[in-house]
Amino acid sequence: METLLIILLLLMIAGAIYALEAKDLLSAVVSFGIVGFGLVICFLLLQAPDLAIVQVVVEVLVLVIMIAVIINTTREEIKEKIPRSTYIYYILGFIFVVGFIYLFAVSIQGLSEFGKHSTRMATEYIKNGAVKTGSMNLVSGVVLDFRGYDTLGEITILFTAVVGILTILRLKGRKHE
Amino acid sequence: MKGMTIIVKKITQIIAGPIFLYGLYIVAQGHLSPGGGFAAGSFIAGAFILLVLAYGDKLRHLKTEEFESSLIETLGILFFIITALGALLLSIRLGFIPVFFKNFLTKGIPGNLFSAGIIPLLNIAVGMEVGGALFTIFLEFVIRSSKEGK
Amino acid sequence: MTLFILCITLFCIGLYGVLVKRNLIKIIIGLALVEYSINLFLILIGYIKGGKAPIVEKAAEGGIFVDPLPQAMVLTTIVIGVATTGLLLAIAVRLYKKYGTFDIQKIKELKG
């Protein structure tokens, strides 16, 4: 189980690196799909079927939108010329990443290990959630009953984003000559 | 945007209906089995996206492109807020402590289809909202930008 | 512990894309990678070994469940992620129509 997750994560990392380094934008978007669908399998293995259902549909949607954008504009990657004198930046970036991961590893010492999580707040939800809300699906109960305000905020953000997209794409800007 | 070949159109005719019905099933069973409003909204939007991609914008003469889907989305968020406010107002009358999002309907027997108070109603509202929003985003990107671009 | 480190590596790759790349589409892909890695990290924290998916069976009460709280939070995050990605792509399309390129350095030079 844990080895399977490690293999999946390594595959996702490989897909992510190729997505950022590909010369063609279309192949970059397609290999970005590796990360999303790998995430779906991770959710299924980690006992989260609700998330897997949502993620698999949403990932297809994001890929369709990205491919539509690329087909309507351009698929050529910008040719970047890397000057010789930028080795110092690579070294600095490497040091930064190593320091970042080290700080992360120090800061998660307080967390319990993988698979040995102790539910503090959710103990009440698990014990009495089905009786209090009447919902057999505990995730639905938490989303819509215990944490209804979060869902209200979430759908407000969704509404605002859609209004923003409609506004931005309908604007008539000055023509580029 | 043009449609696809006859094979894709025929397959789409057969499977788009079951996908839509599966979305409705998920939103109805959201408090019993995995799923709920978010998943159901994505499924319903997916069924319509499949139809538009296969048939092109000749389908239903998409002139007022995203008017109806954004109307559904707006109605979804309105329904959500009205249910929450109604729970606040009706719980005073029914003798509960008045709280926003109060689950004032009867809980029923857990496991039945008609149970869990207002959770199925809120699930329907969230499903409308998410489905309308995702389909509006899709239409705006694919139909409009292929009409204006190039 | 290895899983957490791999997860933060994915985060770092996304951050690299946001900071270094000059193409707008690549920057958006980097942001989406950051979001995915955070989702995965939250779910990894909530996992309990041998736990079942948080759905109460009809007859058999009891048994260990995985934590439903991170799952509920991540469920909303995924849908918000689509909306924000769509908004960023809309801005990218507008910029392309005005300047004819995705290169942020050229966009910075071509003012007006």
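To find a chain, count down the sequence lines: A is the first, B the second, and so on, and within it residues start at 1. In this text, all values refer to a predicted model and were calculated from it rather than measured experimentally.
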Using non-hydrogen atoms only, which part of [X] is less than 4.5 Å away from chain C: side chain, backbone, both, or neither?
| X | value |
| --- | --- |
| A:Leu9 | side chain |
| A:Val162 | neither |
| A:Phe43 | side chain |
| A:Ile165 | both |
| A:Leu39 | side chain |
| A:Leu144 | neither |

Structural part of [X] lying under 4.5 Å from a heavy atom of chain A:
| X | result |
| --- | --- |
| C:Thr85 | side chain |
| C:Tyr96 | side chain |
| C:Phe11 | side chain |
| C:Ile13 | both |

Hey, could you give me the [atom1]/[atom2] distance between [X] and [Y], rounded to the nearest 0.5 Å?
| X | Y | atom1 | atom2 | result |
| --- | --- | --- | --- | --- |
| A:Leu10 | C:Leu10 | CG | CG | 10.5 Å |
| C:Leu33 | C:Ile38 | CG | CD1 | 11.5 Å |
| C:Met73 | C:Ile43 | CE | CD1 | 10.5 Å |
| C:Ile78 | C:Tyr36 | CD1 | OH | 8.0 Å |
| C:Leu40 | C:Ile45 | CG | CD1 | 10.5 Å |

Closest non-hydrogen atom pair, [X] against [Y]:
| X | Y | answer |
| --- | --- | --- |
| A:Val35 | A:Ala16 | CG2-N, 3.8 Å |
| A:Cys42 | A:Leu8 | SG-CD1, 4.1 Å |
| A:Ala105 | C:Ile5 | CB-CD1, 4.0 Å |
| C:Cys12 | A:Phe100 | SG-CD2, 3.6 Å |

Taking [options] one by one, which has the highest count of heavy-atom pairs under 4.5 Å against chain C?
| options | answer |
| --- | --- |
| A:Ile17, A:Ile13, A:Leu51 | A:Leu51 |
| A:Phe104, A:Phe32, A:Phe96, A:Phe146 | A:Phe104 |
| A:Ile70, A:Thr160, A:Val58 | A:Val58 |
| A:Leu25, A:Val143, A:Ile155 | A:Leu25 |

Looking at [options], which has the largest count of heavy-atom pairs under 4.5 Å with chain A?
| options | result |
| --- | --- |
| C:Ile28, C:Leu89, C:Ile27, C:Leu19 | C:Leu89 |
| C:Gly30, C:Pro70, C:Gly46 | C:Gly46 |
| C:Thr76, C:Ile8, C:Leu87 | C:Ile8 |

- Query: Looking only at atom types and distance, does a side-chain atom of A:Ser27 sit under 3.5 Å from a main-chain N or O of A:Lys23, one as donor and one as acceptor?
  - Reply: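 The answer is no, because no donor-acceptor pair under 3.5 Å joins these two groups.
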- Item | Lys/Arg-Asp/Glu bridge criterion (N-O < 4.0 Å) met for A:Glu21, C:Lys26 |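 No salt bridge links A:Glu21 with C:Lys26.
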